[in-house]
Q: 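I have a structure I would like to understand better, so I am pasting it below and will then ask my questions one at a time.
Lettering follows sequence order; numbering is per chain, from 1. Predicted, not measured: the structure shown is a model, and the values here were computed from it. Atoms considered below: every heavy atom in the structure, side chains included; atoms not considered: hydrogens, waters and symmetry mates.
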Amino acid sequence: AQKVTQAQTEISVVEKEDVTLDCVYETRDTTYYLFWYKQPPSGELVFLIRRNSFDEQNEISGRYSWNFQKSTSSFNFTITASQVVDSAVYFCALSPMKTSYDKVIFGPGTSLSVIP
Amino acid sequence: DGGITQSPKYLFRKEGQNVTLSCEQNLNHDAMYWYRQDPGQGLRLIYYSQIVNDFQKGDIAEGYSVSREKKESFPLTVTSAQKNPTAFYLCASKSLRHSEAFFGQGTRLTVV
């Protein structure tokens, strides 16, 4: 079975604080992709990052960083010096690597509120 | 600009009526997907299509139907058999080259 868990339903931080969004996944596939998407109030899901299961190198993009640990099946997302524009629902997702058209399994999402 | 267009943005339907949600993409993507989102829940897959004239049921296909007559278009019909259709519906597409899906802006359906 494949499953994505985001234990934090809602998080509130004050602007400029750092915040980490947790993601734990379950899969029997040996090769897979992991994703993070952002859903602002407008509703559209915006793709943030993709990681391959065989590449555990952490990644940094501006104020965003991602920590992938295969040993604990986790793919956590950290926002440094948060801003009000970061307020959104963030989804972690998993997809097998068998074919490019495989379905994507989403976690329940974490709603982040950044307070000015 | 390339992208995925969903229409309408808001839709109201009376109980017992069928309604069709539009999804069009000009990204030349082969695969298209329909997801349903309920408050506090993640996205659940309704139907997906990997190629024209072919589609597969997702996890919650009951009460829904789709067609894929053109590569660019993947309309979703919410039938009267869907017992709780009020939700936010998202359409997505993927290409062979990329593993990530790209999403439209969604349609919020309310049954009145």
Side-chain angles (χ1 to χ4, degrees), chain A residues 1-11 21 23-26 29 31-55 59 66 75 88-112, chain B residues 3-11 23 25 27 29-52 54-61 68 71 74 87-109:
Chain A
Q2 295 176 325
K3 185 179 178 181
V4 176
T5 302
Q6 295 178 256
Q8 305 147 307
T9 306
E10 295 181 1
I11 301 176
L21 309 183
C23 173
V24 174
Y25 62 93
E26 297 174 28
D29 293 304
T31 56
Y32 48 88
Y33 295 108
L34 294 164
F35 309 89
W36 275 96
Y37 284 86
K38 174 182 180 179
Q39 186 179 39
S42 61
E44 179 179 356
L45 262 73
V46 177
F47 166 73
L48 295 178
I49 190 172
R50 175 198 71 210
R51 299 305 289 174
N52 304 328
S53 54
F54 45 82
D55 180 6
E59 183 158 339
W66 291 270
F75 186 41
V89 180
Y90 291 86
F91 290 97
C92 180
L94 165 72
S95 177
M97 209 183 281
K98 284 177 282 190
T99 74
S100 290
Y101 297 151
D102 271 327
K103 58 184 181 181
V104 181
I105 296 98
F106 285 85
T110 296
S111 178
L112 174 65
Chain B
I4 302 172
T5 302
Q6 289 187 242
S7 61
K9 191 171 182 179
Y10 299 96
L11 189 57
C23 178
Q25 54 100 358
L27 299 168
H29 286 175
D30 289 304
M32 297 187 74
Y33 306 79
W34 274 106
Y35 287 89
R36 169 179 171 143
Q37 184 179 19
D38 294 285
Q41 296 191 33
L43 279 66
R44 293 184 291 168
L45 183 65
I46 305 172
Y47 268 99
Y48 65 106
S49 169
Q50 300 179 344
I51 194 171
V52 174
D54 187 45
F55 47 83
Q56 288 79 40
K57 292 182 179 179
D59 301 316
I60 55 165
R68 188 86 186 278
K71 187 176 184 178
F74 191 41
F88 187 55
Y89 291 87
L90 283 157
C91 179
S93 69
K94 268 167 72 169
S95 72
L96 184 60
R97 286 198 303 130
H98 300 103
S99 55
E100 62 269 19
F102 294 89
F103 284 80
Q105 290 193 319
T107 293
R108 191 166 299 279
L109 173 64

Q: Taking C-beta and beyond as the side chain, do A:Y37 and B:E100 meet within less than 4.5 Å on heavy atoms?
A: yes
Q: In Å and rounded to the nearest 0.5 Å, what is the CZ to OH distance from A:F106 to B:Y35?
A: 5.0 Å
Q: Where does A:S42 contact chain B at under 4.5 Å (heavy atoms): side chain, backbone, both or neither?
A: backbone
Q: A:Q39: which residues meet the side-chain hydrogen bond (donor to acceptor under 3.5 Å, both in side chains) condition with it, sequence neighbours left out?
A: B:Q37
Q: Between A:S95 and B:K94, which heavy-atom pair has the shortest distance, and what is it?
A: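 For A:S95 and B:K94, the tightest heavy-atom pair comes out as OG-NZ, 4.2 Å.
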Q: In terms of heavy-atom proximity below 4.5 Å to chain A, should B:L90 be classed as side chain, backbone, both, or neither?
A: side chain
Q: Once side-chain contact (heavy atoms from CB on, under 4.5 Å) is applied, do any residues pair with B:D38, and if so which ones, sequence neighbours excluded?
A: B:R36, B:Q41, B:R44, B:A87
Q: Once rounded to the nearest 0.5 Å, what's the spacing between atom CG of A:L45 and atom CD1 of B:I4?
A: 10.5 Å
